[in-house]
Amino acid sequence: MRAGGAVQAAIDATAGVGAQMMELARRLYPLNRSLTGDGVRETLRILEETLPLERIEVPSGTTVYDWTVPPEWNLRDAWIADSSGRKLVELAASNLHVVGHSIPVEARMRGAELLEHLHWLPESPMWIPARTSYYDPAWGFCVTGEQRESIDPEADYDVVIDSTLDESGSLTYGELVIPGELEHEVLLSTYVCHPSLANDNLSGIVVLAALGRALREIELRFTYRLLFAPSTIGALAWLSANEGGLDRIRHGLIVSCVGDRGALTYKRSRRSDTEVDRAAAHVVERRPGGSVRPFVPWGGDERQFCSPGFDLPTGSLTRTPHGQYPEYHTSADDLSLIGAAELADSLGVLAEILDVLEGNVVVERTEPRGEPQLGRRGLYEAIGAGLPRDIEESRQALLWVLNAADGETSLLDVAERASLPFAVVEDTALLLEEAGLIREHER
Ligand code: ZN
């Protein structure tokens with residue numbers, strides 16, 4: 001066994017990690033990301049300043065399972081102007097103003113026709129909705145209620161969307177493998193296809209990037225694979241390219257919506273009780289307000305990773321889940337919705353989950369008959385330095401680990417059964433190993 005808590009320690013050693021993540025989110029916020037295009041590439045390029053990502057380009061037209069990679073979309077400019085030339089809506093004000101993957105338009109049209117291409121939120125007229133049309137050739141603008149009201153059905157408007165849909169383009173994703181002692185992998189993924197939206201997207205990107213930097217600093221048992229890919233088809237493109245190696249993936253976590261002020265939420269994998277499900281539940285349930293939810297086949301890329309042909313042990317960590325906060329997929333999901341403290345808290349929880357996975361070994365007694373005499377080995381003194389509650393937990397852990405060390409029971413089994421924090425069980429197991437009473441059982 002090695003000392004536990006290494007991932008958490010690596011993060012704790014990064015001074016101001018929450019502020020660093022906010023700073024990165026601020027840099028990434030103005031980029032116009034979409035399913036394809038230069039916004040994703042620029043996002044990955046910025047991440048590459050601190051993480052040596054491998055960038056993969058999947059050509060437009062490539063078939064991945066039941067899907068086809070669409071033409072690459074880039075947007076130079078867009079606006080709606082009235083007949084006097086006054087711009088009523090312009091891209092420069094918000095990336096969200098243009099429906100993602102809109103086909104190019106340059107036309108003068110009646111307000112009545114233009115209104116058919118406008119999206120707005122009658123219940124939240126101050127906010128601009130976020131909309132996409134990746135697989136249907138369409139165009140549209142997303143506007144505030146006030147902008148929508150300003151369109152006169154009888155008047156004429158100049159409408160420009162200066163976009164390109166390039167059949168010879170590609171979809172881009174980034175990947176990083178951080179090798180550990182084992183070939184077995186932990187897959188950590190987030191999507192990179194949302195334009196200026198902070199919690200739903202940037203929070204996942206910046207937390208995963210910070211985690212990747214920490215993981216590169218330490219000795220690891222598992223090999224870690226970080227994936228920054230556009231959602232759905234990006235995940236499918238990765239699955240398609242890596243089908244031969246999927247049996248190496250022992251644990252997976254999808255990270256998104258981790259910067260808002262809501263409590264932590266873990267959504268189980270399709271298999272529901274895999275080791276990562278148990279590790280995440282153990283950690284999240286101990287957090288104030290933390291909740292663990294059953295698998296449902298909607299949400300993020302668990303729809304792909306947990307589809308029956310793959311059924312990977314992949315859960316999802318969020319704070320408030322997708323679609324369950326009012327600002328979701330609107331311009332109100334801006335940088336004010338996320339905070340350095342919340343990002344740091346989410347990163348800490350991820351680290352704690354990974355520390356459980358890293359440290360979850362099976363132990364066995366060197367002499368399993370009867371209870372060893374602990375007093376003469378100085379073990380009670382060794383755990384007597386902490387707070388009274390911690391001492392009590394450690395004393396319980398001592399007896400639990402000794403009793404559970406049968407060559408079949410893991411340290412997480414012990415923590416669950418004894419309702420003790422994993423770290424206490426792990427620290428106690430290390431003491432017992434040092435005292436020669438238990439050893440790691442090779443699984
Ligand atoms: Zn989203």
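Just so you know, these numbers use all the heavy atoms, side chains as well, and skip hydrogens, waters and symmetry mates. Start at 1 and go down the list; that is how both ligands and their atoms are numbered. Keep in mind that this is a model prediction, so the values were computed, not measured.
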Which pairs of donor and acceptor atoms, one on a side chain in residues 238-247, lie under 3.5 Å apart (sequence neighbours left out)?
| from | atom 1 | to | atom 2 | distance (Å) |
| --- | --- | --- | --- | --- |
| Trp238 | NE1 | Glu175 | OE2 | 2.7 |
| Asn242 | ND2 | Trp238 | O | 2.7 |
| Glu243 | OE2 | Tyr65 | OH | 2.5 |

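Distances under 2.8 Å from the Zn ion (ligand 1) pick out the protein N/O/S atoms His194 NE2, Asp200 OD2, His329 NE2.
Atom CG in Asn199 sits 9.5 Å away from atom CZ in Arg261 (nearest 0.5 Å).
In terms of heavy atoms, Pro71 sits closest to Leu165 at CB-C, 3.8 Å. Residue Leu335 comes nearest to Met22 through the heavy atom pair O-CE, 3.9 Å, listed as atom of the first residue, atom of the second, then distance. Nearest heavy-atom pair across Leu226 and Leu208 is CD2-O, 3.6 Å.
Ring planes of Tyr191 and His194: tilted class, angle from 30 to 60°.
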